[in-house]
Amino acid sequence: MPAPVPAPAVGSHAVLLTAADDFDGWREAARQAVMAGIPPERIVWTEPDQAPDLFAAPGRGLPVSPNDASRPYVPRAFLDLARMAALHADPQRFAVLYRLLWRFQRSPGLLEDAADPEVRRLHALARAVRRDIHKMRAFVRFRAVTDADGERYVAWFEPGHHILRANAAFFVNRFTAMRWSILTPSGALHWDGACLCEGPPAARGDAPAGDDMEALWRRYYASIFNPARLKVDAMLREMPRKYWRNLPEAALIPALVAGAQAREAAMVDRGKALFDEERPRSLDAIVAQGQTCRRCPIGCNGTRAVAGEGPVGASLMIVGEQPGDVEEQMGRPFVGPAGRLLRAALAEVGIDAGRAYVTNAVKHFKFVPRGKRRLHQSPNAGEIDTCRWWVESERLLVRPRLVLALGASAARAMLGKTVSVQKVRGEPMALDDGSELWITTHPSYLLRLQDEGRALEEERFAADLRKAD
Ligand code: URA
C-alpha cells in the first residue's frame, strides 16, 4: 500500500503529473520550479490516483519564473538515472529527484558524492527499476489463444514498478511478427503486428492459465536442468519466487530441487567408484582421460579439463588451484593474469618455469555465469579431495624433488587436509615419498592487492620462491 501523499500546506505548490511514469511532466515542472526558486519543501508531487487536492492540476500551481532566471544545471548522468528512478513505485521518488535537482544548483558535483544519502537513494531507486525491467523481459510467458482474427498470445505479469511503457519497445521488437497482449494490474499493452495500444488495468483471470505450449516448455526446462549446477540461492536471486506463479516451468522447480541433491550424490558416487581404476600410465593419458572425468560436480559442468604441463622428471612441480577463464579457453595451466605474475616472479628469482611441471589441484574451471562473463568460484574441500587422484597420478609420473603449492586449495590437495597458508608458508614439509612440499600464497591473491600492500606481498612471495629453490 503506497504511503499517502500529504496535501500541500498553505503557501505550497502542488504539481499533478499525468501518469505514474510521467518523467517528462516532472522534468518540465521541476525545471520551472527551480527557475522560480521554489524550495523542495514547498512543492508536492502528485500522481493521478493520489490527488488529494482539488486544485492540483497538470501545469497548474507553479508561478511563472522571472524573465532573467537562468536555466537549471542538470548533470547528464542525473537525467539518465532520474529517468529510471522515476518509474519506481516509491511515492516519494519525484520529491527525491527534485531535492537533488535543487541541490545541484548549489553543489554541481553532488552526484559524485557516493556517500550522500540522497545520491545513494537515487542509485538504489534506479537499480531496482532496472532489475524489474530485466525481470519482466525474462519472465513474461505468453499463452496462445484464438480470437476472431486468429491466434493471439496473451501474458499476465505483475511488475514491481511502473515499467510497462518503458518495456513496450522491447516486446514490440522481440515479438514483432506475433499478435500479443501483456496484461498487468496497472494497465495493458496490445500489439496487433503494426500498432501498439494501451488498455486499462487487468486482472489475472483475464489472461489464460495455460496452453499446449506449456508442456513443451516444461519438458525443455526439465531437460536442461543440471543438478550439478544447482545453486538454490543464486536461482532465487535470478528468479525470485514472486514470479513463479506465472512461469509454467516453475511448477517443476520444487521436485527438481528436491531430487537434485540425490542425483548429484549418485553422480559423485558413480565417479568415486572410478577411483579403483588403474592409474594413467603417462601424462598424455592424464590429458586425455581427464576430459571425460565426471567424478565431481565441477567435472560435470561441461568445461574443458586442463591438465598439467611440463617434462616427466621435472625436479619442481608447481600446483595452483584450478584453471581460470583464460586457461580453460586455451587448455593450458597458468597462461592468464595470475600465470603471468607467477612466471615473472619465478624469473625474478632465477627459476626456469619451462623446466617445472605446472599443474592445478582441480582440473576443471568452477565458475558462476554473470552475463557474458564467467566468475571464478573456489572449489570446495570435497571437490579438491576428489580431484586429488589426478594430481597424485601426475606426481607419481613426474616424481618431482620439490612441490610448490600455491594457496590453500593446492595445499589441501597435497596434504589431504586444510592448513593456514600464512602459518605454514616458507617452511618445508615432508611428503610420503620423501619429496619436499613448500606452501606459499596464490598469485591471484597478489593481483587483488594494491600499491604498497601488493609490493610487500610480492616481496614475501619472491622470498618464499627463493627459499624453495
Ligand atoms: N590460477 C590457478 O590456480 N591456476 C591456473 O592455471 C590459473 C589461475
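Atoms within each ligand, like the ligands themselves, are counted from 1 in listed order.
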At less than 4.0 angstrom from any non-hydrogen atom of G320, what atoms of ligand 1 do you find? 3 (O)

Could you see which bit of E321 sits under 4.0 Å from ligand 1, with heavy atoms only: side chain, backbone, both or neither?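 Both backbone and side chain.
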
To the nearest 0.1 Å, how far is [atom] from its closest protein heavy atom, and which atom is that?
atom	value
atom 6 (O) of ligand 1	F334 N, 2.8 Å
atom 4 (N) of ligand 1	N360 OD1, 2.7 Å
atom 2 (C) of ligand 1	Q322 O, 3.0 Å

Between F142 and F175, does the ring centre distance come in under 6.0 Å? yes

Plane angle bin for F171 and W180 - parallel if under 30°, tilted between 30 and 60°, otherwise perpendicular: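 Perpendicular: the ring planes of W180 and F171 meet at over 60°.
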
Measure the distances from the heavy atoms of H442 to every atom of ligand 1 and state whether one is below 4.0 angstrom.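 Judged by the 4.0 Å heavy-atom criterion, H442 does count as contacting ligand 1.
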
Ring of W389, cation from R295 - is the NZ or CZ under 6.0 Å from the centre and inside 45° of the axis?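 Yes, a cation-pi geometry.
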
Examine distances only and state if a side-chain atom of R304 and a backbone atom of E328 form a donor-acceptor pair shorter than 3.5 Å. yes

How about CZ on R106, more than 12 heavy atoms from neighbouring residues, nucleotides or ligands closer than 6.0 Å, or not?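 Correct, the count exceeds 12.
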
